[in-house]
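Each remark here refers to the structure printed beneath this line.
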Amino acid sequence: MADTAVKTHREPLFHVVKRDDMPWWKAWAIRAATIVIAFFIVGLLSAAVTEKSFGETYSVMFSGVFGRLFEGRTTMLWKYLQEIAILLCLALALTPAFKMKFWNCGAEGQALMGGLAPIVCMIELGPKLPYPVLIAVIAITSIIAGAIWGVIPAIFKAWFNTNETLFTLMMNYIATQIIAYYVYLKGGGSNVINPVEYGNFPAVGNNNYFINIVVVAVITVIMYIYLKYSKQGYEISVVGESQNTARYIGINVKKVIIRTMVISGALCGVTGMLLVAGTDHSININSVGGQGFTAILMSWLGQFNPFIMVIMTALVVFLRIGVSKVADTALLNSSFSEIMVGLVILLLVGCEFFINYSIKFKHSKKEARV
Amino acid sequence: MDKQPAIELKNITKRFGKVVANKDVNLTAYRGEILSILGENGSGKTTLMNMISGIYFPDEGEIFIDEKEAVITSPKDAFSYKIGMIHQHFKLVDVFSEAENIVLGLEDGKYNLKASTEQIKKISEQYGFELDVDKKIYTMSVSEKQTVEIIKVLYRGADILILDEPTAVLTPQETEKLFNILRRMRDDGKCIIIITHKLHEVLSLSDRVSVLRKGEYVGTVNTAETSESELTEMMVGKKIELNIERNEPHDTIDRLIVNGITCVDRMGTTVLDDVSFTAKSGEILGIAGIAGSGQRELLESIAGLQHLSSGEILYLNPKTDSIENLRDKTPMQIRNMGVRLSFVPEDRLGMGLVGNMDIVDNMMLRSYSKGHSMFLKRKKPKDLAMKIIHDLEVVTPSASTPVRRLSGGNVQKVLVGREIAASPTVLMVAYPVRGLDINSSYMIYNLLNEQKEKGVAVIFVGEDLDVLVELCDRIMVIGSGKITGVVDGRTTTKEEIGLLMTKSKQEGESDNG
């Protein structure tokens, strides 16, 4: 009877075992090694596609990002910092929501709405209001616009437990179409709003982006403190980890969800303001350019820690600019740099697997039997 | 011995990360016997059995079935070796009938419910199961569901049966019924392996006992030649006293009066039906009942986590001598009213604590909102964490280790420690020793007794009737959301409580009929 059940040996070649004992320095060594390997692969692929030498590729990449830094010209560097600031600001905006396990995929739309408010103010109120008042109105309205776009899905989540991922994604499309309609209204058929001269953030020392960078730097520090040392930050963590515990301890879960999404949306709104009033002085449906989605990855790769996010965004923006410069020299379009950035992010996410799991090959048994 | 070995384990080792769940375990089970695997929680019993039933694969060592080496990489493999495991948590489709659940997933090409039903009936008759094959799972009691699980593995031809803590959810009467069935299966030549940590069950049921301690195999003894104290010593590694002290309560006054509360859940089911009782200061009130009879809802109602459709919960404040109604108050409001109510919920990491936070941050849960500052003050919670680690002998690398990394006993010490540190006047604990080793369990009983001495009204929801009758001053029995009786802990018996546990259900059934 039992004979029919006998099976041939088919041991698994290896199996995957969960680990959570890796010291932090080792984990970071793995991440650093991954970044080095990623850069190497990007260099190899870029060299292959552009038919340049390996070294030349890197030099184009670095000079593409930093420009003639060593000759005392910092224009390129400021541009680099500015792009970091925008991506970082979106990642920071998403982080409190993510810590609460509210998957806000609507940074794109929230930032667009936050950008719509300033452009409306600049066009409609620009000629009428004194400059400081105009700037204040721009700041307040963009924060409110972003917050509204963020809080709508939160209200539905808190009361009807709707799926926030789908809801926030849908809100993106609505925001995009509103922007498209406004551009159509104001663009006079050309579908372009010419840069508006009112309500632009002032240049500091000949540098147009200085204010943007300072604002985001301040937000970074505040966000770090808020999440780690404030009572509200603590409530966010508790609600994110376990709503049951939150209820048990007397936290008003609905209130926390709504408050946190107001903050998240408001910060996306700030990003929109930095883009419109601080950078482009105009708006179109691609103003945010998909960075609302890249920011999701930045927040995760930064492990919800604002300072690690600075490093991750710096890395990704470096690749985005650097590789596109390499691509330019070979008459490739920007898709190539997007592919490379995607590849590097994939590698960075993939390396987390080796930090959280170890692979065991089976051999001890065979030895034992000899 | 002329018995034929059904299954042999040789040098089985299994690691999870740094944790060694099983180390060099050797074990033999014969046909026609009941073997108990005895060990404290966390001693690796379930891990070992999961390797036999194909859920885990051993890191080292071999498994022999009928003296031939076997490689079991999936539950399907286990079935082909005629191994059937009955898990602690049942894996049944609620809206299917018994027969449908039993044939579900079989790949013999034909679906003939009628023929299958006949065979199920034959098996049931053979071993004495009493069950209607057409009954749907969602209408069944826990014990009936367990029966379905057992018939399911028998139907698939299993002759090595592994039962993981089968009596944890049963009343004494149901347990006895199950044991009779298991004995009949043994006499039929099947090999029965039962995982348990209850000594008296081991002694009354099994032929031999194998003991595991901290993942290591300690030894096997014949049940007839052993005693409770020898087994405990094997299990714990040292001699310990198994007596719970129980002092006469003194200066008792009514502290919490629950008056006719009714609670209807979101599905429209009445989970608490006109429940009334009084908890007195300086005594331990036990609550017994089949799992899911409304115990959780009752405690949560008092803690302000359930919406009640009627009734009142009156708290007699010892400081002001005023009477407060806690009904429809949130936990925060209850705390702000000056009601010193502590609650150790059943789901420790999912409700009482936050698993990913460290001990300090978990201490802070109770106190963080105090004061007007926007920022957290970690000094006091940190001191409290250090004090609890020291006083309750919590084994942890540091106060900043996430609590989910601690063992079950240490998690519970952290939670109970925090709740007691709030110096409560009412302390509610739900299944406080579930999953704890013997030493930690006794520490918890002692803490509860200390609180009782201090004049706290302790409400203890338990599942182990032996403990309830040893520890509690009064025991209230709940069945299907109704109070079916309150008995004196000093004079009652397990059997009496067991009957009360099923009382309301029988009444309900005869009403319907």
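Below, read A as the first sequence line, B as the second, and so on, with proteins coming before strands; counting in each chain starts at 1.
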Say you draw a straight line from CD of A/Gln232 to OH of B/Tyr368; how long is it, rounded to the nearest 0.5 Å?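 Rounded to the nearest 0.5 Å, the CD-OH separation comes to 9.5 Å.
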
Please report the interatomic distance CG(B/Leu349) to CD(A/Glu241), rounded to the nearest 0.5 Å.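 Answer for the CG-CD pair, B/Leu349 versus A/Glu241, is 11.0 Å.
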
Proximal component of [X], with respect to chain A [non-hydrogen, under 4.5 Å]:
| X | result |
| --- | --- |
| B/Ser369 | backbone |
| B/Phe343 | both |
| B/Asn11 | neither |
| B/Lys370 | backbone |
| B/Arg15 | backbone |
| B/Met357 | side chain |
| B/Ile65 | neither |

Quick one: closest heavy-atom pair of A/Lys231 and B/Phe375, and the distance?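 In this case the closest contact between A/Lys231 and B/Phe375 is CE-O, 3.6 Å.
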
What are the two closest non-hydrogen atoms of A/Gly250 and B/Pro331, and how far apart are they?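 Scanning both residues, the minimum pair turns out to be CA-CB, 3.8 Å.
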
Answer yes or no: are there more than 12 heavy-atom neighbours, outside [X] itself, under 6.0 Å from its atom [atom1]?
| X | atom1 | result |
| --- | --- | --- |
| B/Lys23 | NZ | no |
| B/Lys329 | NZ | yes |
| A/Phe293 | CZ | yes |
| A/Phe307 | CZ | yes |

Are any side-chain N or O atoms of A/Ser242 and backbone N or O atoms of B/Val354, one a donor and one an acceptor, separated by less than 3.5 Å?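 Looks like no, no N/O pair under 3.5 Å.
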
Testing B/Met351, B/Met332, B/Arg335 one by one against A/Ile249 for a side-chain contact (heavy atoms from CB on, under 4.5 Å), which residue passes?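 For A/Ile249, the side-chain contact (heavy atoms from CB on, under 4.5 Å) check succeeds only for B/Arg335.
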
Between A/Tyr248 and B/Leu365, is any pair of side-chain heavy atoms under 4.5 Å apart?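 A side-chain contact under 4.5 Å is absent here.
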
Is A/Gln243 close to chain B through its backbone or its side chain, or both, or neither, when contacts mean heavy atoms under 4.5 Å?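 Answer is neither: A/Gln243 stays 4.5 Å or more from chain B.
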
Among B/Ser373, B/Gly355, B/Gly304, B/Ala303, single out the residue with the greatest number of heavy-atom pairs under 4.5 Å to chain A.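 Maximum pair count with chain A is reached by B/Ser373.
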
Max heavy-atom pair count under 4.5 Å with chain A, selected residue of B/Arg366, B/Met374, B/Lys377, B/Gln333: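 Counting heavy-atom pairs under 4.5 Å, the top option is B/Met374.
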
Proximal to chain B - members of residues 153-164 of chain A, heavy-atom separation under 4.5 Å: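 Residues qualifying by a heavy atom under 4.5 Å from chain B are absent, so none.
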
